[in-house]
Trainee: 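Here's a structure for you.
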Amino acid sequence: MRGGSVAKRYATALFYVAQEQGKLDKFQENLEMLSALIRGNPGLRETLESPVVAISKKKAIFLELEKKLGLETGVKNLILILLDQDRAAVFPLLDLVFRDMADEALGQVRATVISAAPLGDQESQIKGLLEKSLGRKVLLETRVNSQLLGGMIIQVGDKVFDGSLTRQLENLKEEIVKRAVA
Amino acid sequence: VKLRTLTILGIYGALGISSAWATEGGVEPHGIPGKALIFAVVNFLILVILLGYLLRKPVKDFFASRAALIKQDIEESQNLRDCATEKFQEYSQRLKNIEAEMEALTVELKRAGELERNRIVQAAHERVTSMKETSERVMAQELIRAKEELKRDAVVLAAELAEKLVRENMTPEDQKRIVKQYMDRMEHLS
């Protein structure tokens, strides 16, 4: 909980800086990139969060990475501050909080579509449908899960719309059992 | 009373001394001493009178209490005798009726035994009936449950078969069509 409030504090500060500079989307991209990099490299995460690795060493590693990533100065400075205060562990949460704040400010919403097979051109149709029904720009993420048999599941925030064949079969099964037993 | 007793004994003592003195004074060489005899007789009479006077009340009380005690003993003996007589008569009567009583007791015991037997048999019948009903009810419930389970299993099997068939026969076109249907549904709902 304490980590949550710390992450929120840093995210809010970064959000105001990004808004001032008119670079909300750029900052967001930077954070997402950094987040994906850390997620994909457990060793890097362990090093940055480790209390036995010297702060100067962590900063040197980060600056080396930053050269290749070309992060915005605001993002770079925030990460350096986090490393200085040995609070690299709050970064994943900070990224999420910032993302929510930025999405809200940019009037966009994130949605995930899980389908049994790749959606192809239907992806854009789904995006359009969601934007139309939600009245906001939709950032769509797609995933494939063959266990669904067919159809798709759409997640928007904490709402889930299950249009998979697995669900339909399950509903059918429940209905038949209910009628057979009644 | 003490004072009076002492006074009387004192007088009697004085008389005794005078008697002795009279004896000393009137001894005769032979025969019965006349004067001494008179004094002795008088002395004895006085003693008797004094004793009678002094012991009159205690003796009377003693005899009265003794008489009461004896009366009480007699009464108790009488009561005991009456009780004994009564018991004797009662037991005599019982002995006379013992045969009849034994007969009645036997009949009564037989009757009680019969009743108890009937009660046990009745209880056993009721228990058997209740157990039978319970078993039937449980069997009926089990049958329903088994039927339901069978139906459920059949449905699960059918669903699994359907899933297998869908998986085997699903084409990309089918997938597109299902997604399209769901999108239409969502659009219609929104």
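Every value quoted in this text rests on a predicted model; they were computed, and no experiment measured them. Order of the sequence lines sets the chain letters (A, B, ...), proteins ahead of strands, with each chain counted from 1.
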Trainee: Which answer fits A:L169, side chain, backbone, both or neither, if we ask what part of it has an atom under 4.5 Å from a heavy atom of chain B?
Mentor: side chain
Trainee: Measuring heavy-atom distances to chain B, does A:E170 have an atom under 4.5 Å in its side chain, in its backbone, in both, or in neither?
Mentor: neither
Trainee: What about A:F27 and A:M33, same hydrophobic cluster or not, with Ile/Leu/Val/Met/Phe/Trp/Tyr joined at side-chain heavy-atom distances under 4.5 Å?
Mentor: yes
Trainee: Do other residues, nucleotides or ligands put more than 12 heavy atoms under 6.0 Å from the CD atom of B:E99?
Mentor: no
Trainee: May I ask whether A:L14 and A:L37 are part of the same hydrophobic cluster, defined by side-chain heavy atoms of I, L, V, M, F, W, Y residues being less than 4.5 angstrom apart, directly or through others?
Mentor: yes
Trainee: How far apart are the C-alpha atoms of A:L165 and B:M170, what are their side-chain angles, what is the distance that settles it, and do they pass the side-chain contact (heavy atoms from CB on, under 4.5 Å) test?
Mentor: CA-CA 11 Å; A:L165 267 188; B:M170 179 68 73; 3.0 Å; yes
Trainee: If you group Ile, Leu, Val, Met, Phe, Trp and Tyr by side-chain heavy-atom gaps below 4.5 Å, do B:L55 and B:F62 land in one group?
Mentor: yes
Trainee: Looking only at heavy atoms, what is the nearest atom pair of B:Y182 and A:D162, with distance?
Mentor: OH-N, 3.4 Å
Trainee: Is there a side-chain contact between B:Q175 and A:M152, using heavy atoms and a 4.5 Å cut-off?
Mentor: no
Trainee: Counting only heavy atoms not in B:E90, do more than 12 fall under 6.0 Å of its CD?
Mentor: yes
Trainee: CG of A:L148 to CD1 of B:I178: how many Å apart, nearest 0.5 Å?
Mentor: 11.0 Å
Trainee: Same cluster or not: B:L115 versus B:L105, using hydrophobic residues (I, L, V, M, F, W, Y) connected whenever any side-chain heavy atoms lie under 4.5 Å apart?
Mentor: no
Trainee: Heavy atoms only, distances under 4.5 angstrom: which of A:A117, A:S146, A:A116, A:G151 has the most pairs with chain B? Name it, please.
Mentor: A:G151
Trainee: Would you mind checking which part of B:K176 comes under 4.5 Å of any heavy atom in chain A, side chain (CB onward), backbone (N, CA, C, O), both or neither?
Mentor: both
Trainee: Starting at CG of A:L149, measure out to CD of B:E163 and round the result to the nearest 0.5 Å.
Mentor: 4.5 Å
Trainee: Can you tell which part of B:V179 gets under 4.5 Å to a heavy atom of chain A, answering side chain, backbone, both or neither?
Mentor: both
Trainee: Has A:R45 got more than 12 heavy atoms of other residues, nucleotides or ligands less than 6.0 Å from its CZ?
Mentor: no
Trainee: Determine, using the 4.5 Å side-chain heavy-atom cutoff (strictly less than), whether A:V160 and A:L119 are members of one ILVMFWY cluster.
Mentor: no
Trainee: Answer yes or no: is there a side-chain heavy-atom contact under 4.5 Å between B:K151 and A:I176?
Mentor: no
Trainee: Check whether A:L134 gets within reach of chain B through its side chain, its backbone, both or neither, counting any heavy atom under 4.5 Å.
Mentor: neither
Trainee: With rounding to the nearest 0.5 angstrom, report the CZ to CD distance, B:R167 to A:Q147.
Mentor: 5.5 Å
Trainee: Atom NZ in B:K180, atom CD in A:Q122: separation rounded to 0.5 Å?
Mentor: 8.5 Å
Trainee: So does A:E175 have more than 12 non-hydrogen atoms from other groups sitting under 6.0 Å from CD?
Mentor: yes
